[in-house]
Each structure stands twice: as C-alpha cells, then as structure tokens.
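To keep things clear, I will list the structure first and then write my remarks on it.
Read the numbers this way: they start at 1 and go in the same order the structure lists the ligands and their atoms.
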Amino acid sequence: MTKAPILEVRGLDSYYRQGTDTLWRKKRTQVLKKVSFTLGQGEVLGIVGESGSGKSTLAKVILGISRDYEGEIVHHSMRPQMVFQDPYASLNPAFTVGRIVEEPLIIYGKYDVHERKRRVIDMLEDVGLGEEFLVCRPHELSGGQRQRVSIATAMIVRPKLVILDEAVSALDVTIQDQILDLLVRLKKENNLSYLFISHDLNVVYQCCDRVMVMKSGEVVEENTVDGIFDAPQHPYTKKLLLAAE
Ligand SMILES: Nc1ncnc2c1ncn2[C@@H]1O[C@H](COP(=O)(O)OP(=O)(O)OP(=O)(O)O)[C@@H](O)[C@H]1O
Ligand SMILES: [Mg+2]
C-alpha cells in the first residue's frame with residue numbers, strides 16, 4: 001500500500017534573477033526544470049546531485065523562501081521546517097539557547113510564557129541537551145551541540161515535514177552518526193517525513209527510504225535506496241556512485 005502524501009510537487013520550474021543583459025536588466029535564469037515527486041508520510045526522501053544542481057533551491061521554493069516558480073506544490077501538513085548545514089549562520093548569536101528554541105513558539109503565539117518555558121526544556125532534553133544549556137550562547141557550543149539546537153528549533157512547533165539541507169555535512173563522522181541517530185529517533189517517535197538533502201551518498205544510504213538524483217535542475221532518476229545503490233540506471237547516477245566509492 002502506498003503511503004498518504006505529506007508533500008506533492010508537480011512540474012516545478014523555478015527562476016532566479018542573475019546577471020544582466022545588454023540594457024543592464026537582470027536576467028531571469030531557470031534553475032529547476034519540471035521537478036515532480038511525492039513524499040509520503042513517515043518517509044525519508046534523499047536528494048543528491050552535484051553542487052549547483054538545484055537541491056537547496058528546491059528546498060527554498062517548497063518552503064516559500066524563493067517565490068519565482070511555476071508548477072504545483074501541495075502541502076498536506078502545517079508549519080514545515082528546515083534545518084541548515086551551518087547552524088552558526090542560522091542561530092542568532094545574541095540570543096541564549098533557551099531564547100533561540102523559544103522563538104518559534106513566540107512567533108506562533110499559541111502558548112503562554114510558562115507553557116513555552118516548559119516545552120523548551122522538554123525539547124532540549126529530547127535532543128540530548130540538559131537545562132544547563134538554556135543560558136549558553138551559540139559560540140559557547142560545539143558544532144554537534146549547535147546542530148542539536150537547530151534541530152530543537154525546527155522540531156519545537158511539532159512539524160510533520162522537515163527539510164534537512166546538508167544538516168550533518170559540516171560535522172565530523174562520529175558526531176554525524178550521533179546526529180543521524182537523533183534524527184532517526186525523532187522521526188520514528190513523531191511520524192515525521194524528511195526531505196534529506198546531502199552530497200554525501202554514504203549518509204543518504206544510511207537514513208533514506210528513497211533517493212532522487214538531480215542534475216542541472218532536473219530529476220534524472222528516482223528509486224528506492226536499494227534500487228539506486230544496487231542498480232543505478234542513469235549514467236550520472238553511476239558516476240556519482242563511482243565517485244563516492
Ligand atoms: N539567491 C540566488 N540568486 C541567484 N542565483 C542563485 C541563488 N541561489 C542559488 N542560485 C543559483 O542556482 C543554482 C542552483 O543552486 P543551489 O544552491 O540550489 O545548488 P545546490 O544543489 O544546493 O548546490 P550545493 O550542493 O553546492 O549546495 C546555481 O547555479 C546557483 O548559482
Ligand atoms: Mg545547497
């Protein structure tokens with residue numbers, strides 16, 4: 001039985017304003033070309049492809065950060081969230097960890113201050129950080145701890161869909177494994193769906209159910225993780241696999 005969809009993308013074309021023409025007008029350059037896929041509830045879909053193939057652009061269009069697109073994006077969940085590669089850039093350095101994780105709840109506006117504080121402490125514990133981290137600032141944390149804070153910040157609004165854009169790429173291998181374990185546990189406990197963007201095929205192999213391969217803004221192949229790794233069809237997929245060996 002196929003799973004109910006959490007996200008459907010159909011015929012997505014997207015554009016950036018890049019460079020100028022002879023009259024100094026910004027040119028509209030197409031990045032994504034006819035991207036279509038469905039992500040099921042509780043599923044992890046890996047997105048791989050060389051640098052510049054449009055992986056982050058796809059994430060940004062899906063979350064409404066990049067708005068110049070044509071095609072259809074159907075969300076079947078509320079408040080989809082994103083976790084970035086570099087928590088240094090995405091965590092406000094002036095705020096304490098407690099305040100950073102509380103921020104989405106303040107914006108969401110549904111809980112009073114006591115409920116918020118309680119949920120922040122529970123969430124931090126859930127990502128393996130004790131109460132002593134509440135008053136730390138991002139620069140006082142290790143890379144792994146910072147990524148735990150980013151994950152807590154994404155998960156605190158109880159999303160059903162989380163887009164992870166190179167979320168473990170900046171970490172060394174041991175810490176990478178710890179963060180992947182954390183992501184897998186949170187996914188199981190909350191029946192989450194992940195769009196898992198990574199240039200690292202080993203990581204994708206470890207945690208994805210299906211994989212979509214992108215090249216120059218197009219999807220060249222999509223299959224189960226075993227299908228992609230055991231029987232790649234497209235020459236580009238074969239090339240990526242060879243390069244990762
Ligand atoms: N804000 C922007 N304005 C204009 N062009 C952009 C912008 N962001 C990305 N691009 C261009 O869009 C194309 C796809 O970039 P994108 O960041 O989606 O690639 P990627 O697959 O995520 O690469 P990487 O693996 O390096 O993160 C590139 O040619 C890039 O230069
Ligand atoms: Mg990217």
Inset, instruction - Please name the residue in the list Arg119, Glu102, Arg116, Arg118 that meets the side chain to side chain donor-acceptor pair (under 3.5 Å) test with Tyr111. - result: Arg119

Looking only at protein heavy atoms, which one is nearest to [atom], and what is the separation?
| atom | result |
| --- | --- |
| atom 15 (O) of ligand 1 | Thr57 OG1, 3.7 Å |
| atom 27 (O) of ligand 1 | Ser56 OG, 3.9 Å |
| atom 24 (P) of ligand 1 | Ser51 OG, 3.7 Å |
| atom 25 (O) of ligand 1 | Lys55 NZ, 2.7 Å |
| atom 9 (C) of ligand 1 | Tyr16 CE1, 3.2 Å |

Inset, instruction - Give a yes/no on ligand 1: does Gly54 have at least one heavy atom closer than 4.0 angstrom to it? - result: yes

Legend entry - Within-shell test, Gln18 vs ligand 1, heavy atom, strictly < 4.0 Å: yes

Inset, instruction - Check each of Ser216, Ser14, Gly52 against atom 19 (O) of ligand 1 and report the one with the nearest heavy atom. - result: Gly52

Legend entry - Atoms of protein origin (N, O or S) under 2.8 Å from the Mg ion (ligand 2): Ser56 OG

Legend entry - With His199 via side chain to side chain contact (heavy atoms under 4.5 Å, CB included) - residues at least two apart: Glu166, Ser169

Inset, instruction - Supply the atom-to-atom distance Arg146 CZ to Leu129 CG, rounded to the nearest 0.5 angstrom. - result: 12.5 Å

Inset, instruction - Go through Arg158 and Glu189 one step at a time and tell me if the salt bridge (Lys or Arg N to Asp or Glu O under 4.0 Å) criterion holds. - result: CA-CA 11 Å; Arg158 297 189 179 149; Glu189 287 173 1; over 6 Å; no

Inset, instruction - Give a yes or no on whether a salt bridge exists between Arg28 and Glu70, defined as a side-chain N under 4.0 angstrom from a carboxylate O. - result: yes

Inset, instruction - Mind jotting down which residue pairs meet the ring pair (Phe, Tyr, Trp, His ring centres under 6.0 Å) criterion with at least one end in residues 159-190? Sequence neighbours excluded, please. - result: none

Inset, instruction - Apply salt bridge (Lys or Arg N to Asp or Glu O under 4.0 Å) to Lys60 and Asp165, showing your working. - result: CA-CA 10 Å; Lys60 285 187 260 181; Asp165 189 357; over 6 Å; no

Legend entry - Pairs meeting criterion salt bridge (charged side-chain N to carboxylate O under 4.0 Å, His left out) with involvement of residues 217-243, two or more places apart: Arg210-Glu222

Legend entry - Residue Val31 vicinity, atoms of ligand 1 by number, heavy atom under 4.0 Å: 12 (O), 13 (C), 14 (C)

Inset, instruction - Kindly determine whether Tyr69 and Tyr15 satisfy ring pair (Phe, Tyr, Trp, His ring centres under 6.0 Å), including the steps that lead there. - result: CA-CA 6 Å; Tyr69 73 88; Tyr15 306 85; 9.6 Å; no

Inset, instruction - Determine the minimum heavy-atom distance between His75 and Ile62, stating which atoms define it. - result: NE2-O, 3.0 Å

